[in-house]
Structures are given as C-alpha cells and as structure tokens.
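No hydrogens, no waters, no symmetry mates; every other heavy atom, side chains included, goes into these values. Everything numeric in this text was worked out from a predicted model, so none of it was measured.
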Amino acid sequence: MSVKPLSSDKLYRVSALNGLSDECKSTKHLTPLDEIVGQERAQQAVEFAMSIKEKGYNIYAIGRNGLGKRTMVMRYLNRHDPNGNANTLYDWCYVSNFDDTRCPKVLKLPAGQGTAFKKDIEQLMKRLVKAFPMAFDNELYISRAEKLKTQLAQKQESALMAMKKGAEERGVALTITTQGDYQLVAMNGEEPHTEASFAELSEQEQQQFEDTINELEVELRNIVRQLTEWEEKYSDKQQKLDEDIAKDVTAHCIKDLKTKYSKLPDIKAYLSAMYDDILENIDIFLEESEEQVALAYASLDKKMPRRYQVNVLVHQDVERKFPIEVEESPNYHSIFGYVENATFKGTVFTDFSLIRPGSLHRANGGVLMMDAVKVLERPYVWDGLKRALRAQKLNLSSLEREVTLSGTISLEPEPIPLNVKLILFGDYQTYQLLQHYDPEFKELFRVTADFEDDMPRTDTSEEQYARFIASIVHDGDMLHCDRKAIARIIEYSSRQADDQNKLSLHSADIANLLRETNYVAKSSNATMIRSNHVEQALQNQEQRVSRLKDHVMQNFVTGTTLIDVDKQAVGQVNALSVISTSDYQFGAPSRITATTAYGSGEVFDIERSAELGGSIHSKGVMILSAYLASVFGKTAKIPLTTHLTFEQSYGGVDGDSASMAEVCAIVSAFSGLPLRQDIAITGSMNQFGEAQPIGGVNEKIEGFFDVCAIKGRTAAQGVIIPQSNVHNLMLRKDIVEAVEKGEFHIWAIDHVSQAIEIFTGKPTGVDAEQGIYPNDTVFGIAQMKLNSLRR
C-alpha cells in the first residue's frame, strides 16, 4: 500500500519553549508584555491615524470579539502622547448670554482653569450679595437719597400750596379725596357749599363758581403734569445714585478678576458683559421682589444668582495630556450631552447651568472609543456622530425637538469646536454594511485597523506568548504558571488556531483559561499553576458545554444511530462532520450510502432533492459527478443512475467535506467491491480528484475515535484526511498515544484514488489508454461492469 499512516509526532506539536532561557522556571521570571502580541499591522494603522491631524482620519478596528482590540489601543494611547505639542487641551464652560438667554455662550479656558474661574465667580457673587445691601444701607447713601426725596417733596408741596392759596382767594378749596385724587370745591365761607346751599345761590353766582373751578382745573392739570415730571426726574436721579453706588461696589469687586484674566479676551469680554448686566439687575441683590429673587436664586447647588453661575462642562486634568473616553452605552444623550429641567415651586424651567456634557465633550482633544454595533443600534446616534465629525462642531440640540414637530421652547447653546479621534470597534460584517450603504463612511473613517486572528508559531513568538501569559497572570494577581503549564497553554492556543504552526490571538480565551486554571490550582491548595491544573480546567470547560455531544454519542451507545466500525460493506462509507453550537463544536461520524440503477449516468443527490442539502454540498456533488464522468465516461455515457444520501440525517447538510467519501461510496457501488467500515474519511476534492483541505479536522478525528471506543476498538481503525490538513492536527493526548501504539491510524492523502485503495485494499488503477484500466484494479473492475451494462 503506497500511503503510510502518519507517525504520532505529526499529530501534535509540543511546545519546547526554546525561546525561553533554562533559568526561566515560571511566569515569575518573565517580564510581562505591555502590548498585545501579534497585532503589529493594527498597531501601525492606529499610529498612522493618530499622527494625522486632518479630519476624516478616524479608525474602524475590525476583528472578532476577544482579540484584545480595545486593550491594544488603550495600551498604545497610554504609552504614547499622540498630541505632542500640536494640540492644546481646554476647559469648556457655558455661561449666560445676557443679550439672549436662550443661546448660552461658550468660554474656552486653558486646561485646569475652568473650575478655578467658576470658583472666582462664586466668590465674586458672595462678595456682591453682601456688599450691595451694605452699600445701600449706609449713612452716606441714605442721606443722599433722603435729600433727593426731600427736594421732590418740597417742590411738590410748594406748587400745590401756591395753587391752594390762589384757589382760596377765589372762594374755592383744593382738597384730596380718600382715593388720593385732587378735588376743587366751592366754599361757603369757611365751609364747603352743600347742594342745598349751592342751589340757593343766584344763577350768576353759580356760573361764576363753575367758571372759576374750570379755570382752576386746567391749572391743576398743568401742576399734576409738572409733579409727574418732577417724580420722573427724581427717579432718574435716584437710579443714577443707585448706579453710581453699584458701579463703585461692582468695579471694586471685579477689578481683580479682570486683572487675573487679562490675557484671555473671551473672559474679559464676559466679565464686562456681566458688569453691565449686574448694574441693570441690582434688585436681584437687594431682594426687593421676593418672587423674582426666589426664582433667580433657585439652584440645585449654591445660593447665588443663576444667571451669573459658570457651568464647567469639561474640566481637563492638568497632569493628563490626552483624554481617552470609552463609551459603554452610546445613546444620544450620553454622547452629545443634554439639558436638564428643574422645578421650583411648581415652575419648570431650564437654563445654561443645567447643560450636562456627553462623552464627546469629555473626549474633545483626545479619543472616543465605542462599539460600532451599539452605536448603530441606538436611533439618531450615527447621524449625530457624522454631523459632528463633518462640521467639527459639537451642537447640543434637544433630541426631543429633533424627533418631534412640536415647537417646544429649549436652549440653543453656542456650539463647541470639536477635535476628536473616533475609534469604532466592530466585526467585518458591520464594516461591509457601512461601506456599502453609507457613502459618508469612507470619508469619515479612512483608516482600518485590521486585527489578526492568529500569528506564526516560532520560538520567538512562543517567548512573546509566554510573556503575554505572564502579563495576564500579573494583571489578575493569579498564581504563577510553571514552565510546563506555559507550554500547555501555548499548545492549547495552537489548537484554538487549528494549526500547528500558528498561535491564536484570541486573548479572551487565554485569559478565561488562566482564570479558571488559577481557580483549580487554588482549590487544590497549590502554590503554582501546573500543567495538570490546565488540563483540569480544560476538562471543566468541556464538561459545561458538551451536553449536545453527550446526547449525540448516547445515540451511538443505544444503536439509535446506525454505524459499523469493524466490517465491510458495498456502497457504504463512514464520513465525518462537525456539529457546532454557539460556544462548542465536536465531530461525529455519519453513514453515506450510494445505490445504483440502470440509467443515464446521473448522480441523484437525495439531500438536495429533499431540500436538506445546501448549495456548497450540491456543488461538491456536481464536482464528484464531473470526476466520475472523466474516469468512467470518456468513451461512453455511464449506464447507471446513482442515488446518494446521508443516512439518518434530518437537520440539513452543507459543505463539500464529504465529497471524497461520496466518491468512494459510488465507486464501491459501481464495482461491487466492499469498503472497510473501520475507517472514516473526510475531505473535499476537485474535478481531477485531488484532495482539498477542510475545517474541523481535529474534532472529526476525535469524534470517530470516540465512536470506535463506544462500538469496540480494534487496532485497524483510523481516519483518512487530506495531506493539506496535516498542519492543522493538534489532537487529544489519548489519540496520539493510540497512534503511537499502533492502535489507531491516520492516513494523509493527496488524491481520492489513494482513499479508494485504502478502503478496498486493491490498487485503484492507472489509465493506461483512453478509458481502459487494468482488470485487477478497482477502476478496472468497475469499468468491466459498466461495459457489460453498455453492451
């Protein structure tokens, strides 16, 4: 037989840790890795994007969950200062716009000064709240105010007395009613005329009184108008006096702040505007109107006029040169901020002091990281992000107003200049959807950080991986791993990568394994993690998720699933397939049968006809049909119709990894030669019969090995796999030991003819002439039977 079984050293690559020095006995002697291993390509992409300041160079990080995408980016950003000296960080504050309170103004201050400015304004307000009442309650102010009031009273009294004296000379008295109105009354000596006494007067006397009163009323109106003008002038003088006092108080209190912030034009302008506004709203400080003052002081934190508060939206840490924000729940309000409402005595109100920041505010000048799927799941968030990145401005607009057509009153704060790098973490499918359906995506996310799933396995990479294990142990404060435990974890990583020559970069799997191994070691009171603890943790993992596997294997125990592992049969072969759940996959054999009947050479795929076969499986059947036609139908049509099926398959079949098994079954049916049932086969093929690699080869071999143990082990049992799958082998220890003892066999083939030879024990046959094979070969026997049918 030309194909020899693989030796046991080909089935599992042991980690010798040649990259580590002999003195290194455990992770205690290793320097923890401060970066993610094997992601140089992605790291270069991040470095490139962070070094470009122009807009649009945001990052989409592609890779499966658990590859350490966020960890790598965080470690890089914490280790480097991407801004350097090119970008200065600022504190951002909202203050009242005294011209239009609906449009609060933004103040930009150097990093760390926002809170200091807020405290300065609070101190200023405290001084003014105390200083104003004192300034308006001293002797100088009172005497000046009384002097003005006395002057007004004297002028008013003088004018009225002159009017009263003139009226009395003409027999008319000037009196004031209980309502405060002036009234002219005709006099009868010392007493006013009554209606009766006035009626006794002659008509000439009555007319004379009426004419006199009319003339005096005109004069009285002129005097009243004069009194009003004098009162207005008094009010102006009083206001001017109040303003002079207020100016003196305010200027004295505010001059130190103007000096302190003289180098910040925006602050100086705000202080000047606040100075003017204070002079116009002195009553707030003097508490003259209780309702107005109550609302003015209604506050959630301090007792000071709300209109003069400073809302520090973003306060940068002076020591931190680069803000890094991770938004775990990216909804509209958490990203873009929002405006709260407050209630005071039944009145709902809002103002600039109730503006709350979002993660974009906090990340301004730095980096904001989010999960792409979470961003796309939340309504209006994606459009808002694109709008902000395009405009490079952060508008704080009410979401309620955007999504409804109502004209509710809300604030329109001045936008904040935005300078941020956005990093989205997501999978390849989401990336493709955005590329295809959103034309703006390419312009806004010009850099793709593509994370690798695995890395080459070399002595150097094993050394790096050992340091990576040490970093997880160090970060998690776990027991240290000895040298054999490190090697076992590296071997497990190769198994996860499905390749002897690669290591999986799925860091979450390794971290989970280490945590569980640490638990096992501590439970056994060990002082160090050893390889047997790793094995126990792996067994525990499988025990938790292998319920379906146990159920499938039980069907082989009870005979519910029919299979032979020690006989021979015509047109029947054991194929191997993989069954997957969300977190576990395992292999199991299944029986493929082929029957023939006189016909026109078609291969009838029962799975496809029953709509249980997928498109890839159908393609595999078409390819094997083409191969069979090239072998047996070069000179005449094959006179048989073949029916092909997976026995006891009810849940659908897809994939082409059974195509070599199906060819073996069909050739057996053509020739009448039985196939060994103690051998299973997996592998796809092309039209020339060449074996092609398949996935899940380890699980498939282990599945058949387990079924052989259930049905009865023999020394002749084994599995046929494609030669191109040999590098994927990282088999269980018990299978490696069985192969080493000659109790199980694994053949690696390059061509389906080699599989037929192993199954039948006969040479397959070489095409000597066109369509003619030697009579003592498998193809020759099949060809003779076909020729007899043709005749």
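- There is no side-chain donor-acceptor pair under 3.5 Å between S546 and Y584.
- Nearest heavy-atom pair, P330 versus V381, reported as atom, atom and distance to 0.1 Å: O-CG2, 3.6 Å.
- Checked by atom type and distance alone, the side chain of N97 never pairs as donor or acceptor with a backbone atom of P104 at under 3.5 Å.
- With values rounded to the nearest 0.5 angstrom, I52 atom CD1 is found 11.5 Å from N58 atom CG.
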Next on the checklist: Could you walk me through whether V367 and F322 satisfy the side-chain contact (heavy atoms from CB on, under 4.5 Å) test, starting with their C-alpha distance in whole Å, then the side-chain angles of each, then the deciding distance to 0.1 Å, before giving a yes or no?
Outcome noted: CA-CA 8 Å; V367 169; F322 192 71; 3.4 Å; yes

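- Counting non-hydrogen atoms of neighbouring residues, nucleotides and ligands closer than 6.0 angstrom, the NE2 atom of H474 reaches no more than 12 such neighbours.
- Partners of F441 according to the ring-ring contact (aromatic ring centres under 6.0 Å, His included) rule, which considers only residues two or more places apart in sequence or in another chain, are Y60, Y431, F445.
- With D453 as the fixed residue, the side chain to side chain donor-acceptor pair (under 3.5 Å) test singles out one of R64, K502, Q496, H506: R64.
- Between R127 and E122 there is no salt bridge, since none of the side-chain N atoms of the basic residue sits less than 4.0 Å from a carboxylate O of the acidic one.
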Is there a side-chain contact (heavy atoms from CB on, under 4.5 Å) between R446 and I59 once you walk through the steps?
-> CA-CA 7 Å; R446 296 178 181 174; I59 303 169; over 6 Å; no

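- Under the rule for a ring-ring contact (aromatic ring centres under 6.0 Å, His included), F425 has no partner lying at least two apart in sequence or in another chain.
- Checking N518 against R515 by side-chain atom types alone, no donor-acceptor pair falls below 3.5 Å.
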Margin query: Between E462 and R467, is the salt bridge (Lys or Arg N to Asp or Glu O under 4.0 Å) condition met? List the steps.
Written below: CA-CA 9 Å; E462 284 192 1; R467 290 178 58 202; over 6 Å; no

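- The 12-atom threshold is exceeded at NZ of K258, counting heavy atoms of other residues, nucleotides or ligands nearer than 6.0 Å.
- Pairing each heavy atom of Y94 with each of E414, the nearest pair is OH-O, 2.7 Å.
- With sequence neighbours left out, R41 forms a salt bridge (Lys or Arg N to Asp or Glu O under 4.0 Å) with E452.
- In this structure H361 satisfies the ring-ring contact (aromatic ring centres under 6.0 Å, His included) test with no other residue, sequence neighbours excluded.
- Counted within 6.0 Å of CG on N65, heavy atoms from surrounding residues, nucleotides or ligands total 12 or fewer; the atom is thus considered open.
- You'll find the side chain of R378 stays beyond 4.5 Å of the side chain of I335, heavy atoms only.
- In this structure Y270 satisfies the ring-ring contact (aromatic ring centres under 6.0 Å, His included) test together with F98, sequence neighbours excluded.
- A donor-acceptor contact shorter than 3.5 Å is absent between the side chain of N501 and the backbone of R457.
- Ionic pairing of R390 and D383 is not present here: no N-O contact between side-chain nitrogen and carboxylate oxygen is shorter than 4.0 angstrom.
- Of all heavy-atom pairs between K421 and A49, the closest is NZ-O, 3.0 Å.
- For E327, there are no salt bridge (Lys or Arg N to Asp or Glu O under 4.0 Å) partners, not counting sequence neighbours.
- Residues N311 and F352 share a closest heavy-atom pair of ND2-O, 2.8 Å.
- In Y519, the OH atom is not crowded: 12 or fewer heavy atoms of neighbouring residues, nucleotides or ligands sit closer than 6.0 Å.
- Taking every heavy atom of both residues into account, N364 and L89 meet most closely at O-CD2, 4.2 Å.
- Of the N and O atoms on the side chains of D256 and T259, not one donor lies less than 3.5 Å from an acceptor on the other residue.
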